[in-house]
Amino acid sequence: SKKPVRVAVTGAAGQIGYALLFRIASGEMLGKDQPVILQLLEIPDEKAQNALKGVIMELEDCAFPLLAGIEAHSNPEEAFKDTDYALLVGARPRGPGMERADLLAANAAIFTVQGKALNKVASRNVKVLVVGNPANTNAYIAMKSAPDLPAKNFTAMLRLDHNRAASQIAAKTGCAVGDIRKLTVWGNHSPTMYADYRFATVNGKSVKETINDQVWNAEVFLPTVGKRGAAIIAARGLSSAASAANAAIDHMRDWALGSKGEWVTMGVPSNGEYGIPKGIVFGFPVTTENGEYKIVEGLEIDAFSQECINKTLAELQGEADGVKHLL
Ligand code: NAX
């Protein structure tokens, strides 16, 4: 049988953590033959550490055959020791009266510390997924704080936006999500993201031609996907948790085990593709194989798409400028 791999999860006592850990432990992320050791990080606060103990008791009570160990930590340098995968879910939410700059600064503090800790103690091949918002910029900060690790190992979660887009297209076309191929979401995990179905097919037919409605694209589809997080908060009184955890599982599973030729969306540092400045963590269409992702290149960008991409890029560059003095 396979040797266990180490999976670090931060914010492990939070609501996404609660929807995520049990699925990692049951083998849904890395395969039903891959034992895992969970290395869980929470803030030192007594309430958070107690909540984490409760989650661990429940993990134990599931008696997962693949769960080879569970650790609780309050120090990132212990939580990230030798870790092969790191899911950075914990972040500072926007509090009452908090300005955008305060939010960026509070998260920069968290992600510089965690990036440095990964740099110091994680496996040299660690695959990092940042879920905590602002996810792209937090991934950028962690990457910049870990100069000894390959930049390509730092990614941000755009998969929830991708899955949301797929579900809207399935509803619109009356087809199953599983029949949709070649969908992508460009840019920032924020309402500025650009979900792009121009290349997508459903049962082999062009989605764009099937829908054939640019007004629906611009005025219904894009705002629905972009504001889906807010719609869920309005309905549930809490932000997306199960769907976010599901997207994190999808992202890591495809990265580790391969997408079998299919496009998936990942937020990854640009190497200059599509004119996105090098290092900016941007949602791109990728394919994955042998534990590596590859950005799909050579796609035509029309005027409408370029405008959308420019807008989400400008937002990301603004965020990067906002944290520059902290790095
Ligand atoms: P919760 O507030 O339920 O849980 C967050 C947990 O993180 C808390 O238990 C907190 O104590 C812990 N935490 C905070 N700072 C930490 C640190 N420095 N080290 C370790 N743990 C720390 O939030 P939850 O609903 O689980 O959401 C977590 C994050 O995901 C938020 O930032 C949220 O905005 C973000 N999301 C990102 C999404 C994406 O698509 N990229 C979608 C869902 C979600 O909104």
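Atoms within each ligand, like the ligands themselves, are counted from 1 in listed order. In what follows, every heavy atom counts, from backbone to side chain, and hydrogens, waters and symmetry copies are set aside.
Protein heavy atom at the shortest distance from atom 18 (N) of ligand 1 is I110 CG2, 3.5 Å.
Of all atoms in ligand 1, listed by their number and element, those nearer than 4.0 Å to a heavy atom of G90 are 7 (O), 13 (N), 22 (C). Those atoms of ligand 1 that come under 4.0 Å of a heavy atom in S239, given as number and element, are 25 (O). Against a heavy-atom cut-off of under 4.0 Å, G11 is close to the following atoms of ligand 1: 6 (C), 7 (O), 12 (C), 20 (C), 21 (N). Near S240, the atoms of ligand 1 lying under 4.0 angstrom from a non-hydrogen atom of the residue are 43 (C). Remark: ligand 1 atoms within the under-4.0 Å shell around heavy atoms of V89 are 28 (C), 29 (C), 30 (O). Taking every non-hydrogen atom of A91 and a distance limit under 4.0 Å, the qualifying atoms of ligand 1 come out as 14 (C), 32 (O). Taking every heavy atom of M157 and a limit of under 4.0 angstrom, the matching atoms of ligand 1 come to 39 (C), 40 (O), 41 (N).
The existence of a salt bridge linking K294 and E289 is excluded, since no basic side-chain nitrogen approaches an acidic carboxylate oxygen closer than 4.0 Å. The residues D84 and K127 are annotated as not salt-bridged, no charged nitrogen and carboxylate oxygen being separated by less than 4.0 angstrom. A salt bridge between K260 and D254 is absent, with no side-chain N of the basic residue lying under 4.0 Å from a carboxylate O of the acidic one. Salt-bridge annotation for D45 and K47: absent, with no side-chain N of the basic residue lying under 4.0 Å from a carboxylate O of the acidic one. A salt bridge links K152 with E292: the distance from a Lys NZ or Arg NE/NH1/NH2 to an Asp or Glu carboxylate oxygen falls below 4.0 Å. With salt bridges taken as basic N to acidic carboxylate O contacts below 4.0 Å, none links E28 and R253.
Here the shortest heavy-atom distance to atom 40 (O) of ligand 1, taken over K47, R92, H189, belongs to H189. Taking each of I43, N107, V131, N75 in turn, the one with a heavy atom nearest to atom 41 (N) of ligand 1 proves to be V131. Between atom 19 (N) of ligand 1 and the options Q49, R164, R94, Q114, the minimum heavy-atom separation is to Q114.
Protein heavy atoms are absent from the space less than 4.0 angstrom from atom 2 (O) of ligand 1.
For the pairing with H189, the side-chain hydrogen bond (donor to acceptor under 3.5 Å, both in side chains) check across T312, N136, D161 returns one residue only, D161.
At under 3.5 Å, a nitrogen or oxygen of N133, whether backbone or side chain, sits near a nitrogen or oxygen of ligand 1. For ligand 1, the polar-atom distance check against I16 finds a nitrogen or oxygen pair separated by under 3.5 Å. Between L160 and ligand 1, no pair of N/O atoms sits closer than 3.5 Å.
With contacts defined as side-chain heavy-atom distances shorter than 4.5 Å, the pair Y293/F284 does not qualify.
Two rings, from Y140 and F111, have their centers 6.0 Å or more apart.
At a cut-off of 3.5 Å, with distance as the only test, a side-chain donor of Q214 or N217 sits close to an acceptor on the other residue.
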